[in-house]
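In what follows, a single structure is set out as structure tokens and then discussed.
Since we're looking at a predicted model, the values are computed, not measured.
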Amino acid sequence: MGRVTVFTLGGTISARGGDATRMTGTEVLAGLGLAKSRSTGTGPGHGPGGGPGSEQGAGPVSGAEAVPGAEAVPGAGPAPEPGAGPAPGSDGPDVRLRDFRRLPSSSLSFEDLAALADEVRRTVAEGSGVVVVQGTDTLEETAFLLDLLCATSEPVVVTGAMRRPDLPGADGPANLAAAIAVAADPACRDLGVLVVFADEIHAARHVRKTHTTSVATFASPGAGPLGSVVEGEPRILLRPSRPAALCPLRLDPAVRVALVTLSLGDRGELLDGLETRFDGLVLAAFGAGHVPTWLIEPLETLAARIPVVLASRTGAGAILTHTYRGPGSEHDILHRGLIPAGALDPAKARLLLHALLSSGVAGPGGYDRPRITAAFTHLTGTARA
């Protein structure tokens, strides 16, 4: 089996004790019984007294110390030097560690994820599979962003844990072992970025966190998992029909895209002046893409100035295009300049629009609505230009 590079970012899998401190990447991998060949500095990721990194305020691990000096963490047997391949007598992949961040996933920034995408691209270019380990709060968003930003045939897998490592039934080690197995398996190439959790393999574009505490929280509504890990071996049943993006996209942290969720009686106050503060908007509308009649005109005016993507707040299913035709219906609002998200949920629609705006679909003369629509249509197979 080949090489797998594990990027640890923090999260519940490293939250021993439940306070702000976080275990190092080496300590997280130790839960799998992997031996560390050599230690590298982790800079500001360490907490006081050289202990585990602090989650709150620890910030990035310095690139000069944490990125080039990847730790080799092979399976059983003598540890090789970095780049030497699997340890003699080891049946598993050659696992390398990059202790990248020690943060709760709710505190990850676009700057963090842009830096992660850069490192993932460099790593897969060297022929390594990748596992990203982070908290589950924003795990689906990290996975989808990497899918948009990193065009590669190598397996890239995101995983984490729902139970702290000091609690009974901690799920982190099993999830990490399954993720490494997927990232090391040539049969898992060309699947796009994956989420592996509770022995299920999900496509980043479909997967969602569906429960606050269940260890089986990740599901792919309307699609289902691509496969599963059985006795430590990935079994792929389905393959995505197309990559997530027509071409690799960029992520400019300076771009601002708002996400507004409609609710009963909403008067649209959050839309007032939005175009002066944001570069784009995703509207999480009712049902299959419906809005109150009194918001039709404000949305039409807004869509003439910035891209406005119409998504559904329901959590599953596609935006319709012509089933309903009255005022405020999907047919009405799409003909007033809004862009349909298809089956993409609002949070992911926001990330796709952000990446498109970062990649040049807008300029001083306005935005390229057909190009944005084409990107959503390509990904979801639905929508209208």
Side-chain angles (χ1 to χ4, degrees), residues 105-106 136-141 144 205-214 217-223 255-354 356-357 367 369 372-373 376-377 379-384:
S105 67
S106 56
T136 59
D137 285 352
T138 61
L139 189 149
E140 67 205 66
E141 290 167 273
F144 184 61
R205 69 193 70 177
H206 297 306
V207 73
R208 298 192 67 183
K209 185 175 181 178
T210 64
H211 196 281
T212 58
T213 59
S214 171
T217 183
F218 285 97
S220 295
V255 169
R256 303 291 294 161
V257 176
L259 171 55
V260 174
T261 302
L262 295 183
S263 57
L264 181 66
D266 198 323
R267 305 305 300 182
E269 293 90 345
L270 294 177
L271 302 178
D272 294 341
L274 188 144
E275 73 278 8
T276 66
R277 296 173 287 123
F278 292 91
D279 303 295
L281 166 67
V282 172
L283 184 73
F286 300 118
H290 308 144
V291 305
T293 54
W294 56 84
L295 291 186
I296 296 172
E297 188 173 323
L299 286 169
E300 184 175 17
T301 300
L302 195 59
R305 299 172 180 171
I306 61 172
V308 180
V309 174
L310 183 68
S312 173
R313 70 174 197 169
T314 59
I319 289 291
L320 298 178
T321 58
H322 57 268
T323 298
Y324 301 98
R325 295 173 178 266
S329 67
E330 75 281 355
H331 183 268
D332 177 37
I333 205 72
L334 290 176
H335 279 82
R336 295 175 184 269
L338 276 69
I339 298 165
L344 208 57
D345 68 65
K348 292 196 180 83
R350 172 177 172 263
L351 295 176
L352 177 53
L353 181 57
H354 188 135
L356 289 167
L357 289 169
Y367 66 92
R369 184 178 183 273
I372 297 173
T373 303
F376 279 91
T377 302
L379 182 61
T380 67
T382 58
R384 52 176 286 279

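Partners of His206 under the side chain to side chain contact (heavy atoms under 4.5 Å, CB included) rule, at least two apart in sequence or in another chain, are Ala203, Ser220, Ala223. Under the side chain to side chain contact (heavy atoms under 4.5 Å, CB included) criterion, Thr212 pairs with no residue, sequence neighbours left out. Take Ala288 and apply the side chain to side chain contact (heavy atoms under 4.5 Å, CB included) test, not counting sequence neighbours, and it matches His290, Leu320. Listed by chain and residue number, Arg305 satisfy the side chain to side chain donor-acceptor pair (under 3.5 Å) test with Glu275 (two or more places apart in sequence, or in another chain).
Note that the CG atom of Leu357 and the CD1 atom of Ile372 stand 5.5 Å from one another [nearest 0.5 Å]. Leu283 contributes atom CG, which lies 8.0 Å from atom CD1 of Ile333 (distance to the nearest 0.5 angstrom). Once rounded to the nearest 0.5 Å, the distance linking NZ of Lys209 with CG of Asp137 reads 4.5 Å. The CG atom of Asp345 sits 6.5 Å away from the CD atom of Glu140 when rounded to the nearest 0.5 Å.
For Thr138 (side chain) and Ser105 (main-chain N/O), a donor-acceptor pair under 3.5 Å exists by modelled atom type. Formation of a donor-acceptor pair under 3.5 Å by the Arg208 side chain with backbone atoms of Pro221 is not found in this model.
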Report, one line per pair, each donor and acceptor closer than 3.5 Å where one atom sits in a side chain of residues 306-315; sequence neighbours left out.
from: Ser312; atom 1: OG; to: Gly287; atom 2: O; distance (Å): 2.5
from: Ser312; atom 1: OG; to: Thr314; atom 2: N; distance (Å): 3.1
from: Ser312; atom 1: OG; to: Thr314; atom 2: OG1; distance (Å): 2.8
from: Arg313; atom 1: NH1; to: Leu262; atom 2: O; distance (Å): 3.0
from: Thr314; atom 1: OG1; to: Ala316; atom 2: O; distance (Å): 3.1

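The closest side-chain heavy-atom distance from Glu141 to Leu351 is below 4.5 Å.
Residue pairs meeting the ring-ring contact (aromatic ring centres under 6.0 Å, His included) criterion with at least one partner in residues 297-317, sequence neighbours excluded, do not occur; the list is empty.
Remark: Tyr324 OH is loosely packed, at most 12 non-hydrogen atoms of other residues, nucleotides or ligands lying under 6.0 Å away.
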